[in-house]
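Report on one structure; see the data block that follows.
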Amino acid sequence: MTNTIKVVELESSQLSALQLISTQTFSETFTEYNTEENMKLYIESNFNLNSLKKELDNSSSKFYFALDGKEVVGYLKINWGNAQSESPGNTSLEVERIYVLKSYHGKKVGMVLFQKAIEVAKDLNFDFIWLGVWEKNERAIQFYKKNGLVEFDKHLFKLGKDVQTDLLMKFMLK
Ligand SMILES: CC(C)(COP(=O)(O)OP(=O)(O)OC[C@H]1O[C@@H](n2cnc3c(N)ncnc32)[C@H](O)[C@@H]1OP(=O)(O)O)[C@@H](O)C(=O)NCCC(=O)NCCS
């Protein structure tokens, strides 16, 4: 599977494809754990076209699609500098979102996306990669551990009106 998956950086014209994959993967991942109201609130405030456009235009963030042929099967959002959602510093890169369509889980698409994050972080000479993951998202935590990340802290995360705990994990590059 990995050699048929291409990872490409997004262009601004791909905004609606980004909205589609963001909404679909977020719904597939979290619908069963949250109320319909909180899911709707989160999706509307985070994946509306204005917010996504601002994120795409930020020069300290990058988005990548994982493509199987022409189909978008996953995506990655990375941030550095002030675009990071917390602890901004000049030595780290944040993996803010890494999402793969449910029908593609377990086929190493996530691994290929994470390798892209490592490649960019090395190119930009960062010391480490970090991310936040919901403490009950065991599949993602397993995936991160497999990819060499280790837990170093916790922070609170708001999903609609619900406050949840994220584990912070990091991957040292130096
Ligand atoms: C987490 C995620 C990005 C991993 O991507 P992926 O392409 O499925 O993962 P890979 O195939 O590269 O790696 C597989 C590893 O991840 C874990 N994993 C992936 N899918 C799994 C599944 N359906 N059930 C259990 N473990 C799974 C396992 O540890 C697995 O290792 P193994 O193949 O040796 O058993 C993907 O499952 C996903 O998009 N999940 C939903 C979104 C999400 O939770 N994102 C992270 C938010 S912080």
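Every number for a ligand or one of its atoms is a count from 1 in the order of the listing.
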Tabulated below should be the N or O atoms of ligand 1 paired with protein N or O atoms at under 3.5 Å; can you produce that?
from, atom 1, to, atom 2, distance (Å)
ligand 1, 7 (O), Val109, N, 3.3
ligand 1, 7 (O), Gly110, N, 2.7
ligand 1, 8 (O), Gly106, N, 2.8
ligand 1, 11 (O), Lys107, N, 3.2
ligand 1, 11 (O), Lys108, N, 2.6
ligand 1, 12 (O), Met111, N, 3.0
ligand 1, 23 (N), Arg139, NE, 3.3
ligand 1, 24 (N), Arg139, NE, 3.4
ligand 1, 31 (O), Lys146, NZ, 3.0
ligand 1, 33 (O), Lys108, NZ, 3.4
ligand 1, 34 (O), Lys146, NZ, 3.0
ligand 1, 39 (O), Val100, N, 2.7
ligand 1, 39 (O), Val100, O, 3.3
ligand 1, 39 (O), His105, NE2, 3.3
ligand 1, 40 (N), His105, NE2, 3.4
ligand 1, 44 (O), Asn137, ND2, 2.8
ligand 1, 45 (N), Ile98, O, 2.9

Listed partners of Ala121 passing side chain to side chain contact (heavy atoms under 4.5 Å, CB included), at least two apart: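 Result, side chain to side chain contact (heavy atoms under 4.5 Å, CB included) vs Ala121: Leu93, Phe126, Ile129, Leu173.
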Results of side chain to side chain contact (heavy atoms under 4.5 Å, CB included) for Lys136 - residues two or more places apart only: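 Residues passing side chain to side chain contact (heavy atoms under 4.5 Å, CB included) with Lys136: Trp134.
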Sequence neighbours excluded, every pair satisfying salt bridge (charged side-chain N to carboxylate O under 4.0 Å, His left out) that has a member inside residues 143-152: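 Matches after skipping sequence neighbours: none remain.
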Any Val73 side-chain heavy atom under 4.5 Å of Leu67 side chain: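 A side-chain contact under 4.5 Å is absent here.
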Short N-O contact, Lys40 and Glu37, less than 4.0 angstrom: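 Judged by the 4.0 Å cut-off on N to carboxylate O distance, Lys40 and Glu37 do not form a salt bridge.
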Geometric class of the Phe26/Tyr99 ring pair [parallel <30°, tilted 30-60°, perpendicular >60°]: tilted
